[in-house]
Amino acid sequence: MTDLPDRSQRRLGLAIDLDICVGCHACVVSCKGWNTTAYGAPLSDSDPYGPNPSGTFLNRIHTFEVKTGDATATVVHFPKSCLHCDNAPCVTVCPTGASYKRAEDGIVLVNEDHCIGCGLCAWACPYGARELDPAEGVMKKCTLCVDRIYNENLPEEDREPACVRTCPANARHFGDFSDPGSAVSRMSRDRGGVDLMPEQGTLPVNKYLPPRPRTDADVGADTGYGGPDNLPPAGSIDVLAPFLEPVAETPSGILGWIDRTLTRL
Amino acid sequence: MHPAPSIILFTVVSGLGFGLLFFLCLGFPAVSGWTAFVWFFAAYALAVGGLALSAFHLGQPRRALRAFTQWRSSWLSREAVLSVATLCLCGLQALLLIFRADGHPLLGGLAALFCLGSVFCTSMIYASLRTVPRWNHPVTPLVFCLTSLGGGAIMTGVPVLATPLLILLTAAQLGAWWIGDRRFADAGSTVETATGLAAALVGTRTTATAGATRVRLLEPPHTGESYLTREMVFIVGRRHATKLRILSLVCLVILPLCLLALPAAGPEVTIPAVAAHAVGAIVSRWLFFAEAEHVVGLYYGRR
Ligand code: SF4
Ligand code: SF4
Ligand code: SF4
């Protein structure tokens, strides 16, 4: 049923430490590796060795720059997978009942045998956490590695999500947010864990731990530039940068014709 | 949002079909016998054909029947259930008109209400998405319903029905654009709220710096396209939005209004008027998708 449970008994999820993530994409690869061979249909790639490779992933890393006025910018690597929202809009829009939130642990899953691949749940998710697999025609999303965390065939230390297990910097932590004493709850309390897009009303379970305060002196020590304005040494900007202009996105074919005609109007 | 042809045609064509059924069930034009058969056949062809088109954007169309199960929470499911119920009710009225030469007024009224309900449910699939602020307001269902009723009224060839509906549609369509253009800003989602970074980092630097904390995308997660960018970060074609808006209004209402104002009547007026209205509806619906910005674009530095 795509009605949401009133309250899930446990709230399993991830605490993602933005201070620690180094943006290595190891969790992306291990997530793809585990989930393409485990639960449900494999995660397909289209044109993997051709000019336009694209693929289905359940976890992706963005990199943002944060800057206040003229101060040195901070670069933050930003892993993003399903946040297993308490008020998950992706679940209620599903016409088939394929999407559901488990009452026992709060994990949001897709029953791939019932999914018709309408894509509405991906539209309803503000975070881009769902991707329609083009080969299978069904919706794929992070399962919180439900087939690992309860899997008694795995050694004890492997019973956590693949991304958490693999992270070389220990930036991803798995646990129960309904238990105030759990490591993830304490971490989130101590570090001021934030919800993404709270204005969307999704009540995410996953928390993001913001980067720790840092001073310009720290930055100087990190980079070796130092000095009051922390400028990189002259000449260190890549001389090839101007040649790296983005490729123009002009439509071709019938869209191109419409485009040219409308421009002339 | 990516303007998929199957979805655009599905919403426009099924809307026209339900619009025509609405008026046929209410007795405009008053038809019976073979004439009724032809009218209802045309309306069914549009409504059913439109609904069938929607299957083309499903990844697993063979399981489409499952979409009838979740009417308690999902507008898409409600739309499926209500459309089938509507087609059954209209079918009963059609049978009465064809074989008994007289419909049942209560049944006709109920069927007409269901027609409107089906179009309303279609529109609510989009209007209920908070993630697409341009759609997420009450004028969206108003435009869908009035487009459908306006088209149906033009087909009946009765100007007293069509003219006021088309004028209302103009107002609703202009209103939808006016509200839609402001919705994203009003919804309050920014790259700062999407990442939670600006608020978290304010005041963490010892250097006293003036100015707001700004977040921008430095590196996207992938250099090529993905399902997300193809489906939800569609930006090609928006630069012609104003011209297309004018074109759509001209076809959607102005041409049909002019044609209906002519002293002549009959198919030589109705057919071009319907054709113009349909083209206008398709352009307007294309814009509805192409101009819509999904909040996930904030994670990709483009909307
Ligand atoms: S992050 Fe997206 S897919 Fe995951 S539960 Fe929330 S709304 Fe649904
Ligand atoms: S794509 Fe599948 S899971 Fe998503 S809303 Fe449609 S049927 Fe439900
Ligand atoms: S919990 Fe599992 S499925 Fe989810 S992002 Fe991590 S590895 Fe991928």
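All chains are named by letter (A, B, ...) in the order of the sequence lines, taking the proteins before the strands, and each is independently numbered beginning at 1. As a basis for the values below, the full set of heavy atoms in this structure was taken, side chains included, without hydrogen atoms, waters or symmetry mates.
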K.L.:
Please classify the contact between A/Pro89 and chain B as side chain, backbone, both or neither, with a heavy-atom cut-off of under 4.5 Å.
P.N.:
neither
K.L.:
Check whether B/Tyr126 gets within reach of chain A through its side chain, its backbone, both or neither, counting any heavy atom under 4.5 Å.
P.N.:
side chain
K.L.:
Can A/Glu199 and B/Thr193 be counted as having a side-chain donor-acceptor contact under 3.5 angstrom?
P.N.:
yes
K.L.:
Looking at A/Glu136, A/Lys80, A/Arg130, A/Met139, which one has more heavy-atom pairs under 4.5 Å with chain B than the rest?
P.N.:
A/Lys80
K.L.:
Please round to the nearest 0.5 Å and tell me the distance separating atom OG1 of A/Thr96 and atom CG of B/Leu65.
P.N.:
12.0 Å
K.L.:
Distance check, rounded to the nearest 0.5 Å: A/Gln200 atom CD versus B/Leu129 atom CG?
P.N.:
9.5 Å
K.L.:
So what's closer than 4.5 Å to chain B heavy atoms on A/Val28: side chain, backbone, both or neither?
P.N.:
neither
K.L.:
Please answer whether the main-chain N or O of A/Thr92 pairs with a side-chain N or O of B/Ser73 as donor and acceptor at a distance below 3.5 Å.
P.N.:
yes
K.L.:
Between A/Phe78 and chain B, which part of the residue has a heavy atom less than 4.5 Å away: side chain, backbone, both or neither?
P.N.:
side chain
K.L.:
So which part of B/Arg78 gets closer than 4.5 Å to some heavy atom of chain A, the side chain, the backbone, both or neither?
P.N.:
neither
K.L.:
Identify the residues of residues 42-50 of chain A whose heavy atoms come closer than 4.5 Å to a heavy atom of chain B, ordered by number, or report 'none'.
P.N.:
none
K.L.:
Check each atom of B/His57 against the heavy atoms of chain A and say whether the ones under 4.5 Å are side chain, backbone, both or neither.
P.N.:
both
K.L.:
Between A/Gly128 and B/Leu228, which heavy-atom pair has the shortest distance, and what is it?
P.N.:
O-CD1, 3.2 Å
K.L.:
Working to the nearest 0.5 angstrom, can you tell me the gap between A/Leu18 CG and B/Leu197 CG?
P.N.:
6.0 Å
K.L.:
Check the pair B/Thr213 / A/Thr68 against side-chain hydrogen bond (donor to acceptor under 3.5 Å, both in side chains), numbers first and verdict last.
P.N.:
CA-CA 4 Å; B/Thr213 302; A/Thr68 308; 2.8 Å; yes
K.L.:
Roughly how far, to the nearest 0.5 Å, is NZ of A/Lys140 from OH of B/Tyr227?
P.N.:
14.0 Å
K.L.:
For the interface with chain B, which of A/Leu196, A/Asp195, A/Asn52 has the highest count of heavy-atom pairs at distances below 4.5 Å?
P.N.:
A/Leu196
K.L.:
For the interface with chain A, which of B/Glu219, B/Arg62, B/Arg230 has the highest count of heavy-atom pairs at distances below 4.5 Å?
P.N.:
B/Glu219
K.L.:
Okay, side chain of A/His62, backbone of B/Pro220: is any donor-acceptor separation there less than 3.5 Å?
P.N.:
no
K.L.:
Are the side chain of B/Arg214 and the backbone N or O of A/Val66 linked by a donor-acceptor pair below 3.5 Å?
P.N.:
no
K.L.:
Is the distance between the ring centroids of B/His222 and A/Phe57 under 6.0 Å?
P.N.:
no
K.L.:
Which answer fits B/Ile7, side chain, backbone, both or neither, if we ask what part of it has an atom under 4.5 Å from a heavy atom of chain A?
P.N.:
side chain
K.L.:
Can you classify the ring geometry of A/Trp123 versus B/Trp135 as parallel (below 30°), tilted (30 to 60°) or perpendicular (above 60°)?
P.N.:
tilted
K.L.:
Has the side chain of B/Lys243 got a donor or acceptor atom that lies under 3.5 Å from a matching backbone atom of A/Leu262?
P.N.:
yes
K.L.:
Just give me the residue among B/Ser189, B/Pro61, B/Ser128 that pairs up with chain A most often, heavy atom to heavy atom, under 4.5 Å.
P.N.:
B/Ser189
K.L.:
Does any heavy atom of chain A fall under 4.5 Å from the side chain of B/Ala187, the backbone, both, or neither of them?
P.N.:
backbone
K.L.:
For A/His77, is it the side chain, the backbone, both, or neither that has a heavy atom closer than 4.5 Å to a heavy atom of chain B?
P.N.:
neither
K.L.:
What pairs with A/Cys163 under side-chain contact (heavy atoms from CB on, under 4.5 Å), at least two apart in sequence or on another chain?
P.N.:
A/Leu14, A/Cys27, A/Asn59, A/Pro161, A/Arg172
K.L.:
Counting only N and O atoms by type, is there a donor-acceptor contact under 3.5 Å from the side chain of B/Glu231 to the main-chain atoms of A/Leu132?
P.N.:
no
K.L.:
By a 4.5 Å heavy-atom criterion (distance strictly below it), what part of B/Ala64 contacts chain A: side chain, backbone, both, or neither?
P.N.:
backbone
K.L.:
Which heavy atom of A/Met197 sits nearest to which heavy atom of B/Ala194, and what is that distance?
P.N.:
CG-CA, 3.6 Å
